[in-house]
Amino acid sequence: MIHARFATFVLLAILGFVVTFAQTSKDLIEASTEATKLFREKRFSESLVFARKAAAVALQIYGERHLETAKARRNLGLVFFALGDFDDAERSFHSALKSYSNTSDLSSEDAQNLAEMYEVLGFLNDRKKNADAEDLFRNALNWRERANGKDSPRNLSALMALANARFENMEFKGAGELYIRALELASKDDLAMVRYFDLAYHRCECAHIKGDREKEFGQIKERFGSAVRSDKFRLPEDAGILNSKAISLGQPRTSRAAPVIRTNNFVEVKVLIGETGIVISACAVKNTNLFNVRESELAAYRSTFTPPLANGKPVKLTGKIVYKFIQTPNF
């Protein structure tokens, strides 16, 4: 899923890039303004020159532990991130965190910006399978809630990131509870419904299945049924078995170190396909061989489909991919 999540976080970075408003340095204002302008035009290499200058000038004027230095370093990290230089991005973000010395006085806007930085840092750690990712996403959610209030749909990006991190760490009960919160928040806002509800619903169901709490999901399905039975929004249609409809069907690895049980060699993966034809959620069910389950999910994420349409408009779609594992004889 990294490619889809990368695009999401790049957009987050572009929206979150801010001008530092220091009044005592013309050089800092000009460098920050130009860096911001070029960044929002996606001219990242050119933006980097001015972002570096802004960070250096802010440090010279204000010192290490000042909000202006923190903001300039954060901006520099966002440029590195957009350029795909993840190591330098992470270093800049950690430097920025050291400069946020007095977070008790942050404005709502600065709290949002800090939350966005924690989210991007969480993504960088998550892609390296670093255990710190969950804590970073939790910090992002705390700052989102501080800026927006606990019941705001604007918290959904951090809430979903934390839920996904717990899901990947196989903390299925905790993940399921967070997905329920996401469903509650998404139900309050039409735009949030379109952006988050399908994914939260699909992952919530999967968390309950994997956590052996499938019966409990029936209550959740009933609870949120009214939210999706409307002219404005409906859950995606189920297209059945999708193997033959894939443009490119990802194939799972096999391993002699994890032999296939002959009577249990089919793995059924429930998938949610996004508007662009990319699998955005995959949940393997009806199999007890954990190696086959994981490899089938990863293969499903590598699959691509023709972008689904309904009445000529892009939509999401659900269905199943079925994999058959063939037992390799032992020699």
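Throughout, residue positions are numbered sequentially from 1 according to the sequence presented.
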Could I get the full list of side-chain hydrogen bond (donor to acceptor under 3.5 Å, both in side chains) partners for [X], not counting sequence neighbours?
X: Asn169; result: Glu134
X: Glu64; result: Arg73
X: Lys270; result: Glu205

*Using the disulfide (SG to SG under 2.5 Å) rule, collect all pairs that involve residues 111-216, keeping only residues at least two apart or in two chains.*
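Listed once each, the pairs are Cys206-Cys283.
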*Among pairs that include at least one residue of residues 164-198, which meet disulfide (SG to SG under 2.5 Å), considering only residues two or more places apart or in two chains?*
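Those involving residues 164-198 do not exist here.
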*Among pairs that include at least one residue of residues 290-302, which meet salt bridge (charged side-chain N to carboxylate O under 4.0 Å, His left out), considering only residues two or more places apart or in two chains?*
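Every pair satisfying salt bridge (charged side-chain N to carboxylate O under 4.0 Å, His left out) with a residue in residues 290-302: Glu168-Arg294, Lys210-Glu297, Arg253-Glu295, Arg294-Glu297.
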*Any pair counted as salt bridge (charged side-chain N to carboxylate O under 4.0 Å, His left out), so long as it reaches residues 274-283, sequence neighbours left out*: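 Every salt bridge (charged side-chain N to carboxylate O under 4.0 Å, His left out) pair that includes a residue of residues 274-283, provided the two are not neighbours, is Glu275-Lys316.
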Backbone N/O of [Y] and side chain of [X]: donor-acceptor pair under 3.5 Å:
X: Ser32; Y: Leu28; answer: no
X: Tyr301; Y: Ala282; answer: yes
X: Asn311; Y: Lys313; answer: no
X: Thr69; Y: Arg65; answer: no

*Heavy atoms only: give me the nearest Gly274-Pro308 pair and the separation to one decimal.*
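Taking Gly274 first and Pro308 second, the nearest heavy atoms are O-CD, 3.5 Å.
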*asked:* Please give me the minimum heavy-atom distance between Ser47 and Ala35, naming the atom from each residue.
replied: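 For Ser47 versus Ala35, the nearest heavy atoms are OG-O, 2.8 Å.
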Answer yes if [X] and [Y] sit in the same cluster of Ile, Leu, Val, Met, Phe, Trp and Tyr residues linked by side chain heavy atoms under 4.5 Å apart, and no otherwise.
X: Val79; Y: Leu59; value: no
X: Val315; Y: Leu309; value: no
X: Phe50; Y: Phe39; value: no
X: Phe44; Y: Phe86; value: yes
X: Val120; Y: Leu106; value: yes

_Between Tyr323 and Phe266, ring centroids under 6.0 Å_ =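 They do not qualify: ring centres at least 6.0 Å apart.
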_Can you confirm whether or not the ring centre of Tyr118 sits under 6.0 Å from the ring centre of Phe137?_
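Not close enough - the centres of the two rings lie 6.0 Å or further apart.
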*Evaluate the criterion ring-ring contact (aromatic ring centres under 6.0 Å, His included) for residue pair Phe217 and Tyr201; output intermediate values, then yes/no.*
CA-CA 10 Å; Phe217 186 74; Tyr201 189 90; 5.4 Å; yes
*Worked check of side chain to side chain contact (heavy atoms under 4.5 Å, CB included) between Gln219 and His208*: CA-CA 11 Å; Gln219 300 173 355; His208 280 75; over 6 Å; no
*Any Lys/Arg nitrogen of Arg74 or Glu116 sitting under 4.0 Å from an Asp/Glu carboxylate oxygen of the other?*
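Judged by the 4.0 Å cut-off on N to carboxylate O distance, Arg74 and Glu116 do form a salt bridge.
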_I'd like to know if Glu109 pairs up with Lys71 as an ion pair, taking the criterion as any Lys NZ or Arg NE/NH1/NH2 lying under 4.0 Å from an Asp or Glu carboxylate oxygen._
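Looking at Lys71 together with Glu109, the answer is no, because their closest N to O distance does not fall below 4.0 Å.
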Review item, side-chain donor-acceptor pairs of residues 146-154, under 3.5 Å, at least two apart:
| residue | atom | partner | partner atom | Å |
| --- | --- | --- | --- | --- |
| Arg146 | NH2 | Thr103 | O | 3.0 |
| Arg146 | NH2 | Ser104 | O | 3.2 |
| Asn148 | OD1 | Gln112 | NE2 | 2.4 |
| Asn148 | ND2 | Arg144 | O | 3.1 |
| Asn148 | ND2 | Asn155 | OD1 | 2.9 |
| Ser152 | OG | Arg154 | N | 3.1 |

From [X] [atom1] over to [Y] [atom2], what is the distance, rounded to the nearest 0.5 angstrom?
X: Asp105; Y: Leu67; atom1: CG; atom2: CG; value: 9.5 Å
X: Tyr196; Y: Leu191; atom1: OH; atom2: CG; value: 8.5 Å
X: His94; Y: Leu124; atom1: NE2; atom2: CG; value: 8.5 Å
X: Leu183; Y: Leu178; atom1: CG; atom2: CG; value: 11.0 Å

*Sort and list the pairs that fulfil side-chain hydrogen bond (donor to acceptor under 3.5 Å, both in side chains) and have at least one residue in residues 240-249, not counting sequence neighbours.*
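Residue pairs with at least one partner in residues 240-249: there are none.
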*asked:* Quick one, Asn164 with Asp126, criterion side chain to side chain contact (heavy atoms under 4.5 Å, CB included). Give me CA distance, side-chain angles, the key distance, then yes/no.
replied: CA-CA 10 Å; Asn164 290 337; Asp126 185 50; over 6 Å; no
_ring pair (Phe, Tyr, Trp, His ring centres under 6.0 Å): pairs with one or both residues in residues 148-169, sequence neighbours excluded_ =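 Residue pairs passing ring pair (Phe, Tyr, Trp, His ring centres under 6.0 Å), neighbours aside: Phe167-Phe172.
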*Under the ring pair (Phe, Tyr, Trp, His ring centres under 6.0 Å) test, which residues partner His202, sequence neighbours left out?*
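Scan of His202 (ring pair (Phe, Tyr, Trp, His ring centres under 6.0 Å), adjacent residues dropped) gives none.
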*Under the side-chain contact (heavy atoms from CB on, under 4.5 Å) test, residues paired with Glu41 that sit two or more places apart*: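 side-chain contact (heavy atoms from CB on, under 4.5 Å) check on Glu41 returns Lys37, Leu38, Arg43.
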